[in-house]
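Written below as structure tokens is the structure these notes are about.
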Amino acid sequence: MNEIVQLIEESATRLFEGFSTSKGHKLMESGQFVDKIWSAFQADGWLTTLLPEEEGGSGLGLEGGCVLMRLAGYHAVPLPVVESLLGTFLAAQVGIKNHEELLIPVILPKAIDDASEITLAGVPWARHANSLLLIFPADNGVNTAVISCQDAEITADQNMAGEPRDNVLIEVNKLANTQVLKNISLDQIESWLALGRAAQMAGALQRVLEMTVEFANERTQFGRQIGKFQAVQQQMAVLAEMTSASMCAVDAAIEHLGTEQEWELIASAKITTGESAGYATKTAHAVHAAIGFTQEYPLQLSTRRLWAWRDEYGNEAQWSTKLGRYCFGLQTDNLWSWLTTQTG
Amino acid sequence: MKKLNFSPVLTGEKEAVLRNEVRAFLKQYGAFNVSNIIDSWSICDPELSRALAAKGWLGMTWPTKYGGGGRSYLERYVVIEELLAAGAPVGAHWVADRQSGPLLLRFGTEEQRQHFLPKIIRGECFFAIGMSEPNSGSDLASIKTRAEKVEGGWLVNGSKIWTSWAHVCHQMITLCRTAPPSEDRHAGMSQLIISLNHKGITVRPIVTLAGEAHFNEIFFDNVFVPDNRLVGQVNEGWSQVVAELAFERSGPERFLSSYQLLEAAIKTLREANITQQAEPVIGQFVARLMVLRQMSLSVANQLQEGKLPVNEASVVKDLGTSFEQDLPEAMRLILATEPRLTANDGVARLLSDSILKAPSFSLRGGTREILRGIIARGLGLR
């Protein structure tokens, strides 16, 4: 896996570094789709990262996909990397071959039953997507259905980082291609999306740490670099610790994909990155002081994303509650033996 | 900026078998002689240490030619975390097994290894740490204890403090000044193995705020130490101490000191059927513990690969001791029980015990501020 990780890192970094110098963020925040970036992303074949080679994918799996998502987070790429990769993968599971279009997966908490309309809030990138892949519980298991975004009523909205999070009104009779999704549960999809976000957050945390170290080594006050002050060093050390913990938590979750422990490690990854995001943003802005509070300075591209992402696909409290409930449900005295199943 | 490495590691079949062996041993061993199970690695039970030695769980990673287990650091990790999680009082052999033996393997002479390692492995020789002094805590380089060169050895004068179990241990690896302080304040120090039954040594117990007397002040009055008890190079003691600390700082004892409280809290709340409110708190701490285990195991694996992950070890220790200190603070709020050291009720006693012991968690083995300074240096800030 290490060699593959390195390969993904090299080629994705080349691609993403080009993006960050572009005006992509401004375009995105003004409501436009950054076609140029999307085309380059697509042309490099990243959309099918999760698909096996025999289905025309690159066979890197979610393991490889998470590496890409982490890098996308590091570079604050103005694209729905997590959603597009998982959308394409999930569509393939119900026989929809999509190697080019932007397909966003959306989980509905309950069955559609005989409702005539569905309203969705905060759908990532809906206004720019070709279609949405709705995933919902039904009598015969988990179902999927497709709605073309042209057929839906979309009102633009955005998260704190200015990423599209739209409101969508769907007439149920316009849903097409209802299928049964086999072998994948709603909980699993929910956790994969959370892992994707956590991976992005780990990347963003790494970026925030690097920017802050660099700044502390450059900025001079009282005749010396501010990084020479112990008060600053102590905070920066904790920032590095929490970033390390986040990276480790995400890597451990990736390592456990496909095992019984999958969701547990994902929960801990989303909790850890969420907790770290709070400390990291607070500290990075304290060290950067006023300049970091401006739109012009790029720190905000990472910190606003961290603030938005920690609440998406389940925040720390939601995942902690799930994990805590699970612990209370364990047989007496089994906490430790359960914990130790997570390392081998 | 040096990137911190915490690549995850999975243990295999060998470790799983070993884990079950430890669990079976603990089940069979029954009650420990000492019942206090918060911070169990600071509690001394030589009988248990010898029983563990008989199982081959002391000096596990050391070469077989000294009687060691020739096992991996991952296997050692599994054994020690099982013992700690069970609250086993492993304090007697802890320092010898964790750092003194590895130090001798790295820097000691062949004679020292042959003399000490088999005894440590049999649970017959316990080591104390001789670093801090009354006026040298975090500023370790300012130590005053002097070893003066005399015919055939060294004459040691001075004192060490906060030495856990000095009254039980047999030997102490003592950092001494062997050359006067110079511009390079890390120069001129050496490590000597001092036998603690020497008549020039006085051990005075110090009682902790929790009412326990496990640490001491030690006075050296013209204590003669033969030449063959110098560890490594003369005047190179500082770099040896730094290496020793990579072993000292990253293990599961840095986050499991109050683990028993977590288990007891879950059990108490479950039995009282008041779990709902506590779910997010328990989940949050469990998540932190999960990540700490992954990080500590990763460091164990790096030690196995022959690396010396000093910065990573500091990260584990700072995050880990914060965890074990935060735990009683959070548990008291969800348990709504008054902490009672005298209580028969397990959870009230564990709560009290962990609150009273918690301050030491982030002091021993390098304070929080020192660790963060090391990490900041690794970031390129110092």
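Only a predicted model underlies this, so the values are computations on that prediction, with no experimental measurement involved. Residue numbers start from 1 in every chain, and the chains themselves are labelled A, B, ... in the order their sequence lines are given, proteins ahead of strands.
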Please classify the contact between A:Met236 and chain B as side chain, backbone, both or neither, with a heavy-atom cut-off of under 4.5 Å. both
Given that the side chain runs from C-beta out, which part of B:Leu74 has a heavy atom under 4.5 Å from chain A: side chain, backbone, both or neither? neither
From the list A:Lys270, A:Arg197, A:Arg305, salt bridge (charged side-chain N to carboxylate O under 4.0 Å, His left out) with A:Glu312 holds only for A:Arg197
Contacting moiety of A:Gln225, where chain B heavy atoms sit under 4.5 Å: neither
Between B:Glu312, B:Arg382, B:Glu263, which has the largest tally of heavy atom pairs under 4.5 Å with chain A? B:Arg382
For A:Ser302 and A:Pro298, indicate whether the former's side chain and the latter's backbone hold a donor-acceptor pair under 3.5 Å. no
Which portion of A:Glu316 sits near chain B, non-hydrogen atoms under 4.5 angstrom: neither
Name the member of B:Arg288, B:Glu81, B:Lys267, B:Arg368 that forms the most heavy-atom pairs with chain A at distances under 4.5 Å. B:Glu81
Contacting moiety of B:Arg377, where chain A heavy atoms sit under 4.5 Å: neither
Of the backbone (N, CA, C, O) and the side chain (C-beta and beyond), which part of B:Ala278 lies under 4.5 Å from a heavy atom of chain A, both, or neither? both
Interchain contact, B:Gln276 with chain A, by part (heavy-atom threshold 4.5 Å): neither
Among the options B:Val281, B:Ile375, B:Val286, B:Leu10, pick out the one with the most heavy-atom pairs lying under 4.5 Å from chain A. B:Leu10
Is it the side chain or the backbone of B:Leu297 that comes within 4.5 Å of chain A heavy atoms, both, or neither? side chain
Turns out that what part of A:Gln331 lies under 4.5 Å from chain B's heavy atoms comes down to backbone
Toward chain A, the part of B:Val78 with a non-hydrogen atom under 4.5 Å: neither
Side chain, backbone, both or neither: which part of B:Gln284 has an atom under 4.5 Å from a heavy atom of chain A? both
Less than 4.5 Å to any heavy atom of chain B: does that hold for the side chain of A:Thr272, its backbone, both, or neither? side chain
In terms of heavy-atom proximity below 4.5 Å to chain B, should A:Gln235 be classed as side chain, backbone, both, or neither? neither
Under 4.5 Å to a heavy atom of chain A? For B:Tyr259 that would be side chain
Classify the ring geometry of A:Trp263 against A:Tyr326: parallel below 30°, tilted from 30° to 60°, perpendicular beyond 60°. perpendicular
What residue in B:Gly373, B:Pro280, B:Ala376 has the most heavy-atom pairs under 4.5 Å with chain A? B:Pro280
